[in-house]
Every structure is written in structure tokens, then in C-alpha cells.
Amino acid sequence: MQDNSLYDMENSLLEDALDADPQADRILEGLNESQHEAVSSELRNMLIIAGAGTGKTRVLVSRIAWLIKHFHIAPRNIMAVTFTNKAATEMRERLALMVGNSVQMSLWANTFHSICLRLLRAYASYAGLIPGFTILDTDSQVSLVKRLMKDMNIDTKEFKPSDIASNISKQKENGIRALAFSKMISAKSPDYVKVTSQVYNVYERVCNQENSVDFSELLLRTVELLENNQEIRELQHRRFKEILVDEFQDTNAIQYRFLRLIAGPDSHVLVVGDDDQSIYGWRGADVSNMRKFLKDFSNVKEVLLALNYRSTQKILDVANTIIGFNSDRLMEKVLKGNFGEGEKVRILNCANNKTESSAVSERIASLHESGVAYRDIAILYRNNYLSLDFEQTLLRKHIPFVIYGGQKFFERAEILDAIAYMRILVNEDDDTALLRIINTPSRKIGPKVVDGLRTIANERNCSLIKAMRLLEAHVHSDNVDKTLASLYKKVAVFCDLLKVLKEKKESLSLSAFADEMLRITGLYQFYQEKDFKEGKDNEEHSRYANLGMLISNIKEFESNSTAPAVSDESAPESTADSDEKKEEDPLLTYLSNITLVSTGELNEDGETASGTDAVNLMTMHSSKGLEFKYVFLVGFEKDILPSRMCAFSDKSLAEERRLAYVGVTRAKTALYISYSQNRSLFGKVEATGASSFLRELVREYKGKHDVPLTIESISSASYY
DNA sequence: GCCGCCTTGGTTTTT
DNA sequence: CCAAGGCGGC
């Protein structure tokens, strides 16, 4: 603060000259001292360490508003990066409230992945991609890996394709290409590493051939594009002057590398994060990026937000104690509350999982009787399967509830089938999509026919669609080969179908085309019959109904994108500097959108469900960023909370503890922590008991005054 | 090529 | 206990 008075002076002169927006100062109203310091700081690199519930998003949004209103930074010179779409949407919404709707047109507030996608679409050919490349979702990635492994005669039982696929992704997330990875392999490497390397080599080549990129490829490609192309890199440096990153503790190696590359010598980067809430280490998130940031970026100002606006002090005391057992924290934060002492945290020691779910439901019922809305209550657990007992008990007591998580709409088989048809229309080389639906619904194109086709494609080094075309041409020539003719006869139905689909795509609107597509491919009928056979035809989420919801979703997308300025159109400096893509194919835009913006559950209108008054059930992972007045942390048990799987290393134990901390800090008014002495799991009853985190917590308060918690025992006789 | 039985395995989740 | 995928029989 002191040593930057010069900057301050410069800035205030600038401000005077430009007639500072009188509204600018209102942005700072109601901020506490450290929030104020962060928001109104001079232009520079910043690391904001924001404890749970300390107004992180508010600071981020206010800072952006301050950049625009006070420093007169053009929205197009700002990039705000989030980890999830949910966070990106929230940020845009809150920003719109503060600085108006028009800003988000030119301001990039998006996930790492969609930002990289935009850059790759704008500079596709520079990145070695053909415009119109498709994105492989996880499902497609695994099926591609599986196909390659079978081709390579690798036992897919010994080495699970999903493991190999995620190993490949892990390498990409560390910026390691197939060639580099193979050089790291030695004879001593474990078999699965060797297999990963072998498959990675082929996988990389085939992805290029099929003109498709998986999720981690989006990042890696962009990083390579920026590294190898000075002109494009400097173009971005000129554009992105102020870069802000949310949930920085969740960034992985390749995302960090991207940040370093996208920030120019006179750009500023502001990152917000909480090392104590880093719970995604198992999928590559690297908390040490926070430390690296201080080292790699110049003159970083650190701001600590520790004043909590969410919970009572007793809840915060428990949270502070739990996280206090972690060593190696970036900074020891002690959360300080704003809302008084509150009730003691109640620990429920239950005889078994049935008494636990009964006790919790009972308390929810009495809370509701005393006037608490169901939507203000949450049940949080470590593992998804723990929700089962609570679902049953709540159902029996007629307490409404919603479960978050579970199968995602865009991961359902019927939706993926529909998407695969769309993908091959956008990208003919996408064999992975083609192989998914060439015989779905059944067209009597079995493995033998497919193999025949693949042989031709391999010989000619071309896609399967191309191979079919060659076959067709051959059949119409002289000297027709008999086996080829019979092969063509088998696939002709599909060839013709593709032709019809192509015509329809050109002549119809996107949603009309999609509806027509589902009809003529037979997917509607196929899934309607399947639903009927399995007696699911009247279910709310029957597969047939889901296909209908897909159409609603496309219609919604259509009506959003007919608005004048489509957000995706604005590639950086695209009009001046990029020769790619004039008008984007709406189908391609839609596909990119749903693969990257995979919405959770959709209701009949194709929008995410909310608004009903119901108790919230979810994992502690998915509760991050949320808050509830009443929180029940259930199954707080040995072998569940420090998960049995990762209790081996200190590192993962610390992460499990952070997960407990995240759970505790969701509660505003009251917190209950429950555990069972016995739990029936996968059919058999096991003796469990309190989590070690609970033991160390209770031990800490032994013999002390002002203990913020109480323990109640609930015997099996209490409920039945 | 399809249906059904049987084996097998079952943290966390986003893009 | 339950869901999904593989394989064998028709």
C-alpha cells in the first residue's frame, strides 16, 4: 500500500481526467477492510486468500466492476476464469446486476475449457486442427481407448479402458505428450504405465485423424498454440489486460501454464482461492500453484479474507479446530464470525445406519414444524451410496427432498446416441461417433460388417464415412468385386440415411432438424419400444421423454442465440486477425455448448430444476460453494470420511480433512454431525464408529470450558 | 444378431 | 445389495 503511492497518484489523475463514474464508489459500499483493500487495489498482480464464507465471489465481482467503472478498463480487456460453468454463470449474473447486461457481451467470463475452445476455434489451423473439430466427452474418450486397445490386442479386463483413458488425460494435464511420455518409460515401469504409453501413442494419432479433441486436449493444444506462435500470443497479451481466476486452488498444471502464457508483460493477474478448500487433488488440482503464483508473478499483493459472513461462531470454532490439524497450510486462517455464538454443534452417535437416518429425519421434521423451510436444510455425505437410507426415511415421513448428482442428462445413453448422429454431420472424420450409432438402432450392421469397413478405412488411411463412399463408388463402377459389393449392400441403408440427414440439416432449422433426425434414424421409436418393454414408458425420465427434452433444450438454445450478438462469435480480434470461420454452423455451436456446458438435471422446460421447497441431499464435494441454514453431515465415520481408499498417505488424509472442513463451513445457523456404530453396507453389517476427525475434534475440547459441541447418543431402541 | 444370465465390482466429479 | 457389462446360448 505504502510503496505504491505513485501508482495511486497516477491512477487518481487518470480518474479525474476521465470523469470517474460517480457510481464507482458505490461498489465499495459495505465492504470490510480487507475486501475493500482487494477491490480497490491499484492495478497489479494479487493473490486473495479467501476463507470459506468470506465473500469471495462478491470481491471478485466487485473488483471487475471497479476495473470497469473506476479504472475504465474496457470489458473486452478483462478475462474472468472459473472452474465450473455454474460459477461462470453466477459471476456473469452478479456482474450484470452491478455493471449492466451489455458488459458481458465483450467480457470473457468463462471456464478454462470454454476459453481455450474459443481460442482454438479462432485459430484452428494454427493449432493443427481442421475447423469444425468435435469435442470428445468422457464416454467417447473411453470408447475410443477401448477400441484401440482391442485393435492392439491388449486385454481390456486386465487393463480397464477407463483407467487407461484417465491416465492419458492425466499426462496431458501435466503437459506431457505421447512421445515425451514414452521417453519416460523404462523396463522397470509398471505394466499399466507401459500400456498407457502404448495406447497414448496410438490415441494421439487417431484423435488427430478423427479431428477430435478431448477435454484435456483443449487446454494442452491452446498452451502449445500460445507457446509456438508468438504473433497469436502477443495478440492475446494486447487484449487481456486484467485476468481474474476464481477457485485458484483447483487449477492443475496445464491450467497454470495457460495462465502464465495468456498474461502479457503488462497484464495483471488476480487469483482468488482457499488452500483449505482444495478437495480436488485426486483429479489433478494442485494447491501448490498458490505458492508458485507468488514466485512466478511479479510484485504480488496478498490479501487475506478471514471475516466470515455465513456461520455462527460455534460452527466456525469447530471448523477452525478441524482444519487446524492440517499442517502445511499456505496460511493459517482463523475464521471469525459476524453472527454471534449460536447453538452448539450437535454430534449424534447412532447405533446403526437406520437409527441415524431416522434421527436425522426426525430432527428435520421438527425443524420444519418450528418454521424452517425444507430448502434451508441439507444432508451432506462423503459417498453417494450413503444417501439411500435417507431417501427411504424421508420418503416414509413424507418430507420432500432433492438429490443432486447421479446421472447427468447429457451422459444418458439415448442422449449420447443423438449427439453422436449430430457429431458425424459436423465432422465426418469422427469415427468414434460413427461407431457408436452405425448400428443403433439395429440396422443389421454387425461387428463383421464394421470390421470389413474398418479394414478398408485402415488401408486407405481414411475415415469410415470416406470408406463407405469409396465402396459406393466401387459398386457403381465396372469390375465389381463380389465381397465388396456384399459389404456395400449391408451398409447402404446407413449411407442413404446419412445423405438424407445431410439434406435435412441444410434445409431445416436446428430444432426441426433434430426432431426429424430422431424420427428418421429411428431413435424415437427404438427408445419408445425399449421403454415400453421394460415398463418404463410412463416414467418421468423415460428415455423417450429424455429425447423430447433434448429437443426442448435445442429450442431454448436456438431462441437464446438468435439474439443479435452471439457470445461465441467474439473470438479475440477475430475480425482483424483471424482468417477462420465467418459464420459458425449452429449445430457445431450447439454441440460445443452441450459438451462443455453439460447442464445437470433438466426439467420439462429444459431448464435446471429449482424453486421447490425440499431438503437438499448431496455429497460434500458438490456442496462446495453452497450454504444452508441447517446442515446434517452424515456418515461421519471411520472408513468413510477419511476414505478407506486414500487413508494411506498424509497428503490425501489432509485432503479428506479439508473435505470435512468444507462440509462444516456450509452451515449458517446450526450443524449436526452424525455417525453410526454399525452400518449395513453391500448387504452385510459392519462395525464402524466415529471418524478419526471427530475423535481428534472431541479430544481437543476435553476438560475445557466453552466447548462448542455436545454429543448425544441415539440407541436403536429410540427409533424403529 | 439378440436376449438374458451371470460375474464382478462399487470414493469424490468437472470439463 | 444393485447396476453394468461380458459372454454364451438360441
Side-chain angles (χ1 to χ4, degrees), chain A residues 81-88 110-117 135-143 146 150 155-157 160-163 166 169 172-173 213-220 222 247 250-252 254-255 278-285 353 380-389 392 404-408 410-411 413 439-450 490 530 533-534 592-600 618-625 635 639-647 652 655-656 658-660 662-663 679-686:
Chain A
V81 197
T82 62
F83 220 75
T84 64
N85 287 297
K86 204 170 125 209
N110 253 316
T111 62
F112 277 105
H113 293 265
S114 78
I115 282 171
C116 289
L117 174 65
I135 302 166
L136 286 183
D137 53 81
T138 312
D139 203 272
S140 308
Q141 191 195 14
V142 173
S143 82
K146 191 171 173 183
K150 284 190 170 161
D155 185 359
T156 52
K157 268 186 171 166
K160 283 196 339 219
S162 57
D163 286 345
S166 76
S169 284
K172 290 191 182 192
E173 277 158 16
V213 295
D214 61 36
F215 287 127
S216 30
E217 185 72 29
L218 286 170
L219 266 299
L220 183 50
T222 309
E247 302 279 15
D250 285 339
T251 49
N252 62 28
I254 196 78
Q255 287 159 341
S278 163
I279 53 175
Y280 289 110
W282 51 274
R283 63 175 198 214
N353 52 309
L380 310 180
Y381 34 80
R382 176 62 176 84
N383 300 336
N384 275 309
Y385 63 75
L386 291 169
S387 71
L388 214 77
D389 285 322
Q392 288 168 354
Y404 293 83
Q407 215 196 9
K408 301 283 184 331
F410 286 103
E411 284 167 10
N439 200 34
T440 309
S442 171
R443 304 186 175 90
K444 304 209 189 308
I445 303 178
K448 273 190 185 157
V449 183
V450 172
K490 300 245 172 65
K530 212 167 178 155
K533 262 189 224 161
E534 294 168 25
S592 304
N593 212 48
I594 55 173
T595 329
L596 246 40
V597 187
S598 59
T599 347
M618 69 186 84
T619 62
M620 289 159 78
H621 277 96
S622 37
S623 76
K624 200 172 111 187
D639 285 349
I640 291 180
L641 189 40
S643 163
R644 134 179 9 153
M645 313 301 272
C646 45
S652 50
E655 181 157 316
E656 294 287 301
R658 292 194 288 267
L659 186 58
V662 167
R679 175 174 295 277
S680 68
L681 195 57
F682 301 138
K684 52 176 184 275
V685 179
E686 280 179 71

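Scope of the values below: all heavy atoms of this structure, side chains included, with no hydrogens, waters or symmetry mates. All values reported here derive from a predicted model rather than from experimental measurement. Chain naming here is simple, since letters A, B, ... match the order of the sequence lines and numbering starts at 1 in each.
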Side chain to side chain donor-acceptor pair (under 3.5 Å) filter on A/Ser387, not counting sequence neighbours, yields A/Glu391

With sequence neighbours left out, the residues meeting side-chain contact (heavy atoms from CB on, under 4.5 Å) with A/Asp639 are A/Arg644

Residues passing the side-chain contact (heavy atoms from CB on, under 4.5 Å) test with A/Glu686, sequence neighbours excluded, are A/Leu681

N/O to N/O distances under 3.5 Å, protein versus nucleotides 13-15 of chain B:
from, atom 1, to, atom 2, distance (Å)
B/dT13, OP1, A/Thr619, OG1, 2.5
B/dT13, OP2, A/Asn384, ND2, 3.0
B/dT13, O2, A/Arg283, NH1, 3.4
B/dT14, OP2, A/Lys408, NZ, 2.9
B/dT14, O4', A/Arg283, NH1, 3.4
B/dT15, OP1, A/Asn85, N, 2.7
B/dT15, OP1, A/Asn85, ND2, 3.0
B/dT15, O4, A/Thr138, OG1, 3.0

Readout for nucleotides 1-6 of chain B: B = base within 4.0 Å of protein heavy atom, S = sugar-phosphate only, - = neither; 5' to 3' it is SSS---

- In terms of side-chain geometry, is the basic nitrogen of A/Arg283 or A/Glu173 positioned less than 4.0 Å from the acidic oxygen of its partner? no

Residues at least two apart in sequence or cross-chain that pass salt bridge (Lys or Arg N to Asp or Glu O under 4.0 Å) with A/Lys530, listed by chain then number, are none

Scoring nucleotides 2-10 of chain C by protein non-hydrogen atoms under 4.0 Å (B base, S sugar-phosphate only, - none) yields ----SS---

Atom CG of A/Asp639 and atom P of B/dG10 are separated, to the nearest Å, by 16 Å

Given the 90°-from-0 boundary between syn and anti, B/dT11 should be labelled syn

Sorted by chain and number, sequence neighbours left out, side chain to side chain donor-acceptor pair (under 3.5 Å) with A/Ser442 holds for none

From CG of A/Asp155 across to P of B/dT8 the rounded distance in Å is 13 Å

Taken to the nearest whole Å, CG/A/Leu380 to C1'/B/dT12 is 13 Å

Applying side-chain contact (heavy atoms from CB on, under 4.5 Å) to A/Ser166 and not counting sequence neighbours gives none

Rounded to whole Å, the CG-P distance (A/Leu659 to B/dT12) equals 11 Å

Separation of B/dT12 atom P from A/Arg644 atom CZ, nearest Å, is 12 Å

Check your understanding: Salt bridge or not for A/Asp250 and A/Lys624, using N-O below 4.0 Å?
Key -> yes

For A/Ser140, the side-chain contact (heavy atoms from CB on, under 4.5 Å) test, sequence neighbours excluded, returns A/Leu136, A/Asp137, A/Arg423, A/Thr432

For A/Phe112, the ring pair (Phe, Tyr, Trp, His ring centres under 6.0 Å) test, sequence neighbours excluded, returns none

With sequence neighbours left out, the residues meeting side chain to side chain donor-acceptor pair (under 3.5 Å) with A/Thr619 are A/Ser622

